[in-house]
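What you see below is based on every heavy atom in this structure, not just the backbone, and it leaves out hydrogens, waters and symmetry mates. Quick caveat: nothing in here was measured; it's all calculated off a predicted structure.
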Amino acid sequence: MSQSAEPRGTAPREGRLAETVTAVVAALAAIRRGVSASWRALVSTMTVFGWSVVIAVIVGFVGGYLLGWAEFVALAWAGTVLLALSALYLVGRNSFRIGLALPLRRVVVGEKAPGEVLVFNPTRRHLAGVGVEVPIGDGLAEFHIPGIPRGAEASEIFLVAAERRGVIPVGPVRTIRGDPLGLFRRELTWAERTELYVHPRTIAIPAISTGFVRDLEGAATRTITSSDVSFHALREYTPGDDRRFIHWRSSAKTGVYMVRQFEETRRSHIMVVLGLAESDYADDEEFELAVSAAGSLGVHAIRDARSVSVIASGDRAAASTRLDPASRALRTSSRIRLLDDLTVVQRSPGATNIVALTRVAGERAADASVAFLITGSATTVAQLRQAAAGLPSGVDVIAVICEPGALPAMRRVAELTVLSIGYLDDLQKSLARAAVV
């Protein structure tokens, strides 16, 4: 018996139904994803005040309908409308192009660095105003950029006060969109963060080479050698002496071969040792004066094209490692690099004290001709003598004790010259006085 045939048109109808169901499910899934993304975006932009209104709306609806209080229901609906209207302020795209310009990346303590926020409208329509925030260190600069016509730009100038030595982060620039009541707040980050270096104050120290720093061509030391350029005396010839240094005229007069003796010369090399240990200073003011003194000496040597080494304390706890962190050599290839390194130095309870630091510095710069030991009033003269003893013989050692407000003074303790300064300007006068004594 033959099977009955299926009605015509059933298969096409089932196929169309499956396609319709699939399309509806896909549309519902897309709507759900869109609603979920919008909700997350809305929630992420809601402020504390906005959440307070949401809680008040929920309490108003629940309490109003459960207790039958029409006032609560009315307030809840008013809050709902208010939230809906405030959320409309977030609708739309930010088509601005915003940049941050900081013409001066390095300033001296006490100066102000100008900055500029540039806002450009690349679109073909007028853009409404926008709030702009620029974090500056621990502070915040806020601006309101008015509406910008198409193809136009606007700018706001601000000043960064460099009150203390250090690195001040400026930026990144943020734009703020929100409602007038502050229920929602939407932040977008634009320009990247820029760093402003606040250098320590330095002074010019002219002619400190007189009496202290040996000439670049070499100056005589107390070491006697048989070969150099600075003549010292004559002595009798002994086997092994270089015959090129026989003084024939004197030999003819005495009848004995006489050879020249020389004083060993040394190329000038200035070493500045800056202690970072908290125990070397009474307070932060002393330390800042010490950093300025070290910077002034180092910058002067660099400008005079002299060999200079500026060595600061390292971490005493890790001093046994191969990298020798008990001391750290600052960059002296240029004035800017040295001041950049001095900008970030900080005193620390774990830093190497001036005595141990000077001993390590003497090993790192064994050819130094003059050593400046920069420290605070908490360092005693006995400690400075101990520090100077760790340097090679023949090195002129000048200790600079920084004590703000103190009268400038100079004293000599054996081979050590101790200068006390109360202000940075005292450094120049004290060095000039010590050089001629």
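- Between the side chain of Ser420 and the backbone N or O of Ala409, no donor-acceptor pair lies under 3.5 Å.
- Separation of atoms CG (Asp283) and CD (Glu278) is listed at 11.0 Å; rounding is to 0.5 Å.
- With rounding to the nearest 0.5 Å, the separation of OG in Ser86 from CE in Met46 is 9.5 Å.
- Within 6.0 Å of the CD atom in Glu156, the count of heavy atoms belonging to other residues, nucleotides or ligands exceeds 12.
- Annotation for Tyr423: atom OH does not count as buried by contact number, only 12 or fewer foreign heavy atoms lying within 6.0 Å.
- Nearest heavy-atom pair, Ala154 versus Ile148, reported as atom, atom and distance to 0.1 Å: CB-CD1, 4.2 Å.
- His269 is listed as a side-chain neighbour of Ser309, based on a closest heavy-atom distance under 4.5 Å.
- Closest approach of Ser279 and Asn353 over heavy atoms only: OG-CB, 4.5 Å.
- Distance SG/Cys402 to CD/Glu288: 11.0 Å, rounded to 0.5 Å.
- Judged by distance alone, the side chain of Tyr197 and the main-chain N or O of Val344 form no donor-acceptor pair under 3.5 Å.
- Ser327 is listed as a side-chain neighbour of Arg364, based on a closest heavy-atom distance under 4.5 Å.
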- request: Show your reasoning for whether side chain to side chain contact (heavy atoms under 4.5 Å, CB included) applies to Thr202 and Leu339.
  value: CA-CA 9 Å; Thr202 58; Leu339 292 177; 4.1 Å; yes
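- Side chain of Thr352 to backbone of Ser313: no donor-acceptor contact under 3.5 angstrom is found.
- Shortest non-hydrogen contact noted between Pro149 and Asn121 is O-ND2, 3.0 Å.
- No side-chain heavy atom of Val119 sits less than 4.5 Å from a side-chain heavy atom of Phe143.
- Atom CD1 of Ile311 sits about 9.5 Å away from atom OG1 of Thr332, to the nearest 0.5 Å.
- In terms of heavy-atom proximity, Leu384 sits nearest to Ala399 at CD1-CB, 3.7 Å.
- Listed by chain and number, the residues in a side chain to side chain donor-acceptor pair (under 3.5 Å) with Ser377 are Glu286 (sequence neighbours excluded).
- Across all non-hydrogen atoms, the minimal contact from Phe287 to Val345 is CE2-O, 4.0 Å.
- Checking side-chain atoms of Ser296 against main-chain N and O of Ile203 turns up a donor-acceptor pair under 3.5 Å.
- Between the side chain of Thr47 and the backbone N or O of Leu183, at least one donor-acceptor pair lies under 3.5 Å.
- Under the 3.5 Å distance criterion, the side-chain polar atoms of Arg165 are matched with a main-chain donor or acceptor of Thr343.
- Environment of CG in Leu66: crowded, with over 12 heavy atoms of neighbouring residues, nucleotides or ligands closer than 6.0 Å.
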message: For Met271 and Leu391: C-alpha separation, side-chain torsions, deciding distance, then whether side chain to side chain contact (heavy atoms under 4.5 Å, CB included) applies.
response: CA-CA 11 Å; Met271 180 172 64; Leu391 294 173; 3.6 Å; yes
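- Closest approach of Ala387 and Ile354 over heavy atoms only: CB-O, 4.0 Å.
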task: Show your working on side chain to side chain contact (heavy atoms under 4.5 Å, CB included) between Leu181 and Val53 and close with a plain yes or no.
output: CA-CA 11 Å; Leu181 298 179; Val53 174; over 6 Å; no
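- For the residue pair Arg174 / Thr189, no side-chain donor-acceptor distance below 3.5 Å is found, with atom types taken as modelled.
- Two residues are said to be in side-chain contact when any heavy atoms from C-beta on lie closer than 4.5 Å; Ser430 and Met410 fail this criterion.
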Validation: residues 105-118 side-chain donor-acceptor distances under 3.5 Å, sequence neighbours left out:
from, atom 1, to, atom 2, distance (Å)
Arg105, NE, Leu102, O, 3.4
Arg106, NE, Asp340, OD1, 3.0
Arg106, NE, Asp340, OD2, 3.0
Arg106, NH2, Asp340, OD2, 2.9
Glu111, OE1, Val108, N, 3.2
Glu116, OE2, Ser155, OG, 3.3

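- Within the 4.5 Å cutoff, the side chain of Phe72 has no heavy atoms near those of the Tyr65 side chain.
- Residues Trp190 and Leu100 form no side-chain contact, since every pair of their non-hydrogen atoms from C-beta on lies 4.5 Å or further apart.
- The local environment of CZ in Arg164 is sparse, with at most 12 non-hydrogen atoms from other residues, nucleotides or ligands closer than 6.0 Å.
- At least one side-chain heavy atom of Phe372 sits less than 4.5 Å from a side-chain heavy atom of Leu431.
- When the side chain to side chain donor-acceptor pair (under 3.5 Å) test is applied to Arg185, the partners found at least two apart in sequence or on another chain are Glu133, Glu187.
- Rounding to the nearest 0.5 angstrom, the gap separating the CG atom in Leu419 from the CG atom in Leu427 is 7.5 Å.
- Atom CD1 of Ile270 is separated from atom CG of Asp396 by 11.0 Å, given to the nearest 0.5 angstrom.
- Looking at Pro172 and Glu192, their side chains never come closer than 4.5 Å, going by heavy atoms from C-beta outward.
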message: Between Val310 and Asp341, does the side chain to side chain contact (heavy atoms under 4.5 Å, CB included) criterion hold? Intermediate values first, please.
response: CA-CA 10 Å; Val310 180; Asp341 286 353; over 6 Å; no
